[in-house]
Each structure stands twice: as C-alpha cells, then as structure tokens.
Novice: 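Supplied in structure tokens, the structure appears directly below.
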Amino acid sequence: MAITSPPPPPISTGGKSNLPSLSDEVRPMTRLRRRPERLIVPECGLSCLDIAEMKKKKKTERNMNPEFEVEGRDFYLASRKGRREIMEDGYGVMLDILGDPKQAFFVVIDGHGGRAAADYIAENLGKNIMKALETVGKEEDQLQAAIHEAYLTTDKEFLSQSVDSGACCASVLFMHGHLLVANVGDCRVVLSQKGLANVLTRDHRPDREDERSRIERSGGYVDCRNGVWRVNGSLAVSRAVGDLHSKEWIISEPEICKFPLTADLDFLIMASDGLWDKVNGQEAVDVVLREKNPLESCKKLVDISCKRGNIDDITVMVINVQQYLGSIKESHKIDPSSPPYMKSTS
C-alpha cells in the first residue's frame with residue numbers, strides 16, 4: 001500500500017480562503033509516482049535443455065502436491081496424495097476420438113514402486129487401443145480384442161525399458177454406442193443405473209480363488225501377512241502393468257466387459273483402491289446423487305475415505321454417461337495421433 005505524507009498546513013492568503021486547493025491535495029500523491037523499472041529482455045531465449053528442466057521441475061512439484069482437482073468436459077476428478085513421498089496415482093483422458101464427441105477413453109491408474117508405470121499407461125494405453133483397432137478391425141465385435149491387445153502391448157513396451165515399477169488401472173471406452181470396461185488390479189469402475197450401483201470390474205487380488213490357483217500353477221505362492229494376502233510375500237494385487245521381476249505371476253491380461261449405452265444410465269465412478277477400501281459402490285453413488293455438483297462429490301468421496309483412515313493415494317473420477325449416448329458413424333481411417341489426448345498424473 002502506498003504511503004503518502006499528510007497535506008501541508010493551510011497558508012494564510014489574506015482575503016482568500018485558508019482551505020487547500022484541489023491541486024494542493026493531490027500534489028503529495030503525484031510526487032510518489034515512479035516510472036516502472038526498465039524490463040530487460042535477454043537477447044537469447046531459453047535452450048531446449050532449460051525448457052526440459054523447467055517442465056521436469058514443474059512435474060515434480062505437481063507430483064508432490066498433496067491434492068488437486070480437475071473439472072473437464074463431462075468428467076470430474078479429485079485426487080489426494082497419501083503417506084508416500086510422491087503421488088503414484090494417475091489418470092488419462094482421450095476426447096473426441098475420430099472427431100466424434102460421443103467417443104472417448106478414460107483411465108484411472110494406481111502405481112506402485114514409483115510412478116514410472118503410471119505415467120507410461122497415462123500416455124500410451126489409449127493410443128495403443130487406437131492402434132490395435134487398425135490391426136484387429138474397428139467393428140463392434142472387435143473392440144474387446146483391441147482393448148485386450150492394447151493392454152498387453154502397453155505392458156510389453158513398458159517392460160522393455162527395464163524399469164522396476166508397476167501399476168493397476170481401470171479404463172472405460174465409449175464407442176459405437178457401447179461402454180467397454182477393462183481393468184488389471186484393484187482400481188474399480190461403478191455404474192449408476194437409475195440410482196443403483198452396479199460394479200463393473202472385479203478386483204485382481206491373490207485371495208481370489210482363480211487368481212491364487214493361477215499363481216500357484218506358475219510356481220508362485222500366496223500368503224497372508226497382517227491380514228493382507230500377497231503374491232510371493234510382496235504385492236497385494238495379482239495383475240498389473242509392469243512389475244518386471246514378478247511378471248511370471250503378475251500378469252497384465254485385462255478382464256473386459258461390454259454394455260450398450262441406454263437412457264437409464266446415470267454416471268460412472270472410477271477410482272483407485274484408496275476409495276474402495278473405505279467406501280462401497282452404493283454409498284459412492286448416493287454421495288454423487290446427493291451432492292448434485294459432480295466435482296464436489298469427488299472431493300466429498302475423497303474426504304470420506306480419508307476420515308475413515310485411508311492413508312493411501314486416492315483418485316476419484318465421475319463421468320457423465322448421458323453425454324455419450326449415440327455415436328457418429330465413422331467412414332474414415334483411424335489416425336492414432338489425431339485425437340486430443342490429455343493426461344495428468346499430479
């Protein structure tokens with residue numbers, strides 16, 4: 001705040017008024033005005049290395065951020081970091097696939113052993129699905145095959161980097177008037193249909209009888225430590241992308257389901273296990289219905305989980321299903337580089 005000196009005392013002027021003139025009153029303020037300092041623009045701009053370093057620093061700062069929120073076009077997200085040093089959750093979004101606003105891709109990711117795998121999935125899983133559609137075909141009956149191939153390809157590509165990190169994820173693809181849901185690990189997707197919760201995914205955990213049998217047939221073992229079932233005494237999930245040194249038992253093959261989009265579908269809730277370990281599907285649906293504002297409902301669900309003792313990273317996304325009813329028929333070739341692709345893993 002600018003500090004001004006008090007106006008000068010009235011000066012006797014004979015028969016004239018002793019009150020100061022308007023120019024006398026404003027003169028002290030006028031004296032304090034200063035010319036702005038000269039802005040010096042360097043002759044040479046930042047180098048590519050400088051820019052890369054700035055981006056890396058900004059990304060690191062986001063990863064350290066304890067919480068953030070996103071209000072997108074027909075999707076809403078809230079995320080909060082748990083007790084770990086960095087946030088290992090992530091998400092990816094592809095909108096207007098092939099220029100069709102009724103086609104989109106979303107993924108919620110829960111990383112472990114660092115965030116390298118989560119970042120890779122956010123950047124590449126959606127793109128790999130588009131590429132797979134070119135290989136297997138883009139007809140409705142080929143969509144599940146394309147998603148299956150894309151998950152395995154994403155895993156293979158990440159493993160080739162020899163980085164010992166892993167991630168669970170759950171994805172949804174709106175295409176050809178259908179909803180296709182896929183997952184590996186314990187991220188979960190819940191659909192609200194006329195206000196009733198319908199869990200569309202099954203968690204891949206070693207206490208599932210079929211998963212336990214598969215692991216043991218592969219030469220691994222499952223045991224329970226402090227109430228948590230683990231694969232070979234380590235991971236608490238039985239499927240994931242990455243996990244280089246456990247790949248013999250931790251597979252990346254997704255489970256996929258397909259549903260027609262109908263007018264009685266309300267919204268989707270996608271979230272990491274930081275939510276589902278403390279909040280069940282129907283309760284989550286009720287919160288979204290009650291809050292009305294989808295972004296506020298995401299933040300409310302994060303708060304509820306944390307108040308109940310969650311100390312893990314938590315990410316919650318709500319998607320308006322009604323926006324994706326109907327689809328434009330494609331007549332042109334898929335170009336994986338053409339759709340807008342956004343991702344945030346902070």
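Values below: every heavy atom of this structure, side chains too, minus hydrogens, waters and symmetry copies. The first residue of the sequence shown is numbered 1, and numbering continues consecutively from there. Model, not experiment: these values are computed from the prediction.
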Novice: Quiz question: by atom type and distance under 3.5 Å, do the side chains of S79 and Y91 form a donor-acceptor pair?
Specialist: no
Novice: Does the distance from a Lys or Arg side-chain N to an Asp or Glu carboxylate O, for E296 and K299, drop under 4.0 Å?
Specialist: yes
Novice: When you compare the side chain of P206 with that of W249, does any pair of heavy atoms fall below 4.5 Å?
Specialist: no
Novice: Flag the pair F267 / I319 as yes when at least one side-chain heavy-atom distance between them is below 4.5 Å, and no otherwise.
Specialist: no
Novice: Is there side-chain contact between K102 and L261, with heavy atoms separated by less than 4.5 Å?
Specialist: no
Novice: Side chain to side chain contact (heavy atoms under 4.5 Å, CB included) between Y76 and S297: does it pass, once the steps are laid out?
Specialist: CA-CA 9 Å; Y76 310 84; S297 67; over 6 Å; no
Novice: Going by heavy atoms in the side chains, are Y324 and L179 under 4.5 Å from each other?
Specialist: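 Heavy-atom side-chain distance check fails, nothing below 4.5 Å.
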Novice: Can you tell me if N183 and T201 form a side-chain donor-acceptor pair at under 3.5 Å?
Specialist: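 No - no donor-acceptor pair under 3.5 Å links their side chains.
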Novice: Within this structure, what is the CG-CG distance for the pair D273 and D313, rounded to the nearest 0.5 Å?
Specialist: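 Answer for the CG-CG pair, D273 versus D313, is 9.5 Å.
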Novice: Starting at CZ of F75, measure out to CG of N320 and round the result to the nearest 0.5 Å.
Specialist: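 Here the rounded value is 12.5 Å.
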Novice: For K247, does the NZ atom have more than 12 heavy-atom neighbours from other residues, nucleotides or ligands under 6.0 Å away?
Specialist: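 Check passes, neighbour count above 12.
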Novice: Could you tell me whether a side-chain N or O of S305 sits under 3.5 Å from a main-chain N or O of L301, the two making a donor and an acceptor?
Specialist: no
Novice: Applying side chain to side chain contact (heavy atoms under 4.5 Å, CB included), run through V285 and I269 and close with a yes or a no.
Specialist: CA-CA 8 Å; V285 166; I269 304 174; 4.2 Å; yes
Novice: Applying a strict under-4.5 Å side-chain criterion to I, L, V, M, F, W and Y, I'd like to know whether V70 and L268 cluster together.
Specialist: yes
Novice: Using side chain to side chain contact (heavy atoms under 4.5 Å, CB included), reason through F259 and L200 one step at a time and then give a plain yes or no.
Specialist: CA-CA 10 Å; F259 302 90; L200 304 184; 3.6 Å; yes
Novice: Stepwise, does the side chain to side chain contact (heavy atoms under 4.5 Å, CB included) test hold for D277 with D312?
Specialist: CA-CA 10 Å; D277 285 348; D312 195 5; 5.5 Å; no
Novice: Is D119 salt-bridged to R115, cutoff N-O under 4.0 Å?
Specialist: yes
Novice: Would the distance check show the side chain of W276 and the main-chain N or O of A271 forming a donor-acceptor pair, the cut-off being under 3.5 Å?
Specialist: yes
Novice: Report whether I109 and I256 are members of the same hydrophobic cluster (ILVMFWY, side-chain heavy atoms less than 4.5 Å apart, transitive linking).
Specialist: yes
Novice: Could you give the distance from OG1 (T262) to CD (Q322), rounded to the nearest 0.5 Å?
Specialist: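 Separation between the atoms: 8.0 Å.
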Novice: Could you report the tightest heavy-atom contact between D286 and G195, atom names first, then the distance?
Specialist: OD1-O, 4.4 Å
Novice: Looking just at side-chain N and O atoms, do D266 and S192 make a donor-acceptor pair shorter than 3.5 Å?
Specialist: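 Per modelled atom types, D266 and S192 side chains form a pair under 3.5 Å.
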Novice: Check whether the side chains of N232 and S234 place a donor and an acceptor atom closer than 3.5 Å, and report yes or no.
Specialist: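 Not at all, the side chains of N232 and S234 share no donor-acceptor pair under 3.5 Å.
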Novice: Should L77 and V172 be counted in the same cluster of Ile, Leu, Val, Met, Phe, Trp and Tyr side chains packed under 4.5 Å apart?
Specialist: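 Same cluster.
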Novice: Nearest 0.5 Å, please: how far is CG in L196 from CD in Q282?
Specialist: 6.0 Å
Novice: Any link between V228 and I215 through a network of hydrophobic side chains (Ile, Leu, Val, Met, Phe, Trp, Tyr) touching at under 4.5 Å?
Specialist: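 No, V228 and I215 fall in different hydrophobic clusters.
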Novice: Same hydrophobic cluster for L173 and V184, using side-chain heavy-atom links shorter than 4.5 Å among ILVMFWY?
Specialist: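 Yes.
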Novice: Looking at Y151 and S171, what are the two nearest heavy atoms and their distance?
Specialist: OH-OG, 2.8 Å
Novice: With a 4.0 Å cut-off, would you call R308 and E283 a salt bridge?
Specialist: yes
Novice: Which heavy atom of S165 sits nearest to which heavy atom of A117, and what is that distance?
Specialist: OG-N, 3.3 Å
Novice: Could you tell me whether the side chain of R214 and the main chain of S238 form a donor-acceptor pair under 3.5 Å?
Specialist: yes
Novice: Under 4.0 Å between a side-chain nitrogen and a carboxylate oxygen: does that hold for E157 and K131?
Specialist: no
Novice: At what distance, to the nearest 0.5 angstrom, does CE of M270 lie from CZ of F106?
Specialist: 8.5 Å
Novice: From D155 CG over to L244 CG, what is the distance, rounded to the nearest 0.5 angstrom?
Specialist: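 Spacing of CG (D155) from CG (L244) equals 9.5 Å.
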Novice: Have a look at F105 and tell me which of L180, I147, L125 forms a side chain to side chain contact (heavy atoms under 4.5 Å, CB included) with it.
Specialist: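 Option passing the side chain to side chain contact (heavy atoms under 4.5 Å, CB included) with F105: L125.
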Novice: Should the pair D303-R80 be classified as a salt bridge under the 4.0 Å nitrogen-to-oxygen rule?
Specialist: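 R80 and D303: salt-bridged.
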Novice: Can you see which heavy atom on C298 is nearest to which on V318, and at what distance?
Specialist: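 Closest heavy-atom pair between C298 and V318: SG-CG2, 3.5 Å.
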Novice: How far apart are the closest heavy atoms of A170 and R188, and which atoms are they?
Specialist: CB-N, 4.3 Å
Novice: Checking side-chain hydrogen bond (donor to acceptor under 3.5 Å, both in side chains) against E211, which of R239, R205, R202, H204 comes through?
Specialist: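 For E211, the side-chain hydrogen bond (donor to acceptor under 3.5 Å, both in side chains) check succeeds only for R239.
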Novice: Please tell me if the side chains of K81 and E88 come closer than 4.5 Å, counting only heavy atoms from C-beta onward.
Specialist: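 In short, these two side chains do not touch, never coming nearer than 4.5 Å.
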Novice: Please determine which of T315, I304, N310, I314 meets the side chain to side chain contact (heavy atoms under 4.5 Å, CB included) test together with L275.
Specialist: I314
Novice: Does the side chain of Q161 come within less than 4.5 Å of Y120's, by heavy atoms?
Specialist: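 When only atoms from C-beta onward are counted, Q161 and Y120 do touch, with a gap below 4.5 Å.
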Novice: We want to know whether N128 and T154 form a side-chain donor-acceptor pair, criterion being a heavy-atom distance below 3.5 angstrom.
Specialist: yes
Novice: Locate the shortest heavy-atom distance separating C187 from C168; write the atom from each residue and the value.
Specialist: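 Of all heavy-atom pairs spanning C187 and C168, the closest is SG-O, 3.9 Å.
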Novice: Less than 4.5 Å apart, any side-chain heavy atom of L159 and any of V241?
Specialist: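 Side chain of L159 against side chain of V241, heavy atoms only: no contact under 4.5 Å found.
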